[in-house]
Amino acid sequence: MREIYKITYPNGKIYVGMDLTGTSLYFGSPRKAHIAEDLGREVCRDLTIRKQILWESETATEAEVREMERHFIVRERANDPKVGYNTSPRFFTG
């Protein structure tokens, strides 16, 4: 199963990623040091995050999954530094 997922952190910011292996416990590769700094030491000592599957497919090619990931990053505004932790595609304001 190939998936696009959204992770929500305690501060409300999100990260959208993809999983090509169907590993339900995969949480992607956001910039962990940046997130830890943003959340602060106390929050990181007792951390709860939420993972939601936004899209899944048993037949999509890797290219199709990457396209869907980009679609959901833009749709969810996960690349807007005020909203999320995705750094690509680059977010442009107005």
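Keep in mind it's a predicted model, so treat the numbers as computed, not measured.
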Asks: Is the CD atom of Glu37 crowded by more than 12 outside heavy atoms at less than 6.0 Å?
Replies: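 Not buried by this count: 12 neighbours or fewer within 6.0 Å.
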Asks: If we only count heavy atoms from C-beta on, is the Glu3 to Met18 side-chain gap below 4.5 Å?
Replies: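 No, their side chains stay 4.5 Å or more apart.
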Asks: Would you say Ile49 and Tyr5 are hydrophobically clustered, going by side-chain heavy atoms of ILVMFWY under 4.5 Å?
Replies: yes
Asks: Determine whether the aromatic ring centres of residues Tyr9 and Tyr85 are separated by less than 6.0 angstrom.
Replies: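 Tyr85 vs Tyr9: aromatic centres under 6.0 Å.
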Asks: Please report the interatomic distance CD1(Ile4) to CG(Asp19), rounded to the nearest 0.5 Å.
Replies: 9.0 Å
Asks: Applying the side-chain contact (heavy atoms from CB on, under 4.5 Å) test to Val16, which of Met68, Arg77, Glu76, Gln52 qualifies?
Replies: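 Only match with Val16 under side-chain contact (heavy atoms from CB on, under 4.5 Å): Glu76.
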Asks: Less than 4.5 Å apart, side chain to side chain, heavy atoms only: is that true for Leu47 and Pro10?
Replies: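 In short, these two side chains touch, coming nearer than 4.5 Å.
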Asks: How many angstroms lie between atom NE2 of His34 and atom CG of Leu39, to the nearest 0.5 angstrom?
Replies: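 Going from NE2 on His34 over to CG on Leu39, the span is 9.5 Å.
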Asks: If you count heavy atoms of other groups shown closer than 6.0 angstrom to CZ of Arg45, is the number above 12?
Replies: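 12 or below, so no.
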Asks: In Å and rounded to the nearest 0.5 Å, what is the NZ to CZ distance from Lys32 to Phe27?
Replies: 11.0 Å
Asks: What distance separates Thr61 OG1 from Glu64 CD, expressed to the nearest 0.5 Å?
Replies: 3.5 Å
Asks: Establish, for the pair Lys6 and Tyr15, whether the NZ or CZ atom is under 6.0 angstrom from the six-membered ring centre and no further than 45 degrees off its axis.
Replies: no
Asks: Given Lys13, which of Asp38, Val83, Ile7, Thr8 fulfils the side-chain contact (heavy atoms from CB on, under 4.5 Å) condition?
Replies: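 Of all the options given, the one that passes is Asp38.
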Asks: Without swapping roles, check the side chain of Ser57 against the backbone of Thr59 for a donor-acceptor pair under 3.5 Å.
Replies: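 At least one qualifying donor-acceptor pair exists.
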Asks: Assess whether side chain to side chain contact (heavy atoms under 4.5 Å, CB included) is satisfied between Asn11 and Val43, documenting all intermediate values.
Replies: CA-CA 9 Å; Asn11 60 359; Val43 171; over 6 Å; no
Asks: Distance from Ile73 atom CD1 to Ser88 atom OG, nearest 0.5 Å?
Replies: 6.5 Å
Asks: Just by modelled atom types, is the Pro89 backbone N or O under 3.5 Å from a matching donor or acceptor in the Asn79 side chain?
Replies: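 Indeed, once roles are kept as given, a pair shorter than 3.5 Å links the two residues.
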Asks: What's the spacing between His71 NE2 and Leu54 CG if we round to 0.5 Å?
Replies: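 His71 NE2 to Leu54 CG: 9.0 Å, rounded to 0.5 Å.
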Asks: Is any side-chain heavy atom of Glu62 closer than 4.5 Å to a side-chain heavy atom of Leu20?
Replies: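 With C-beta onward as the side chain, the pair touches.
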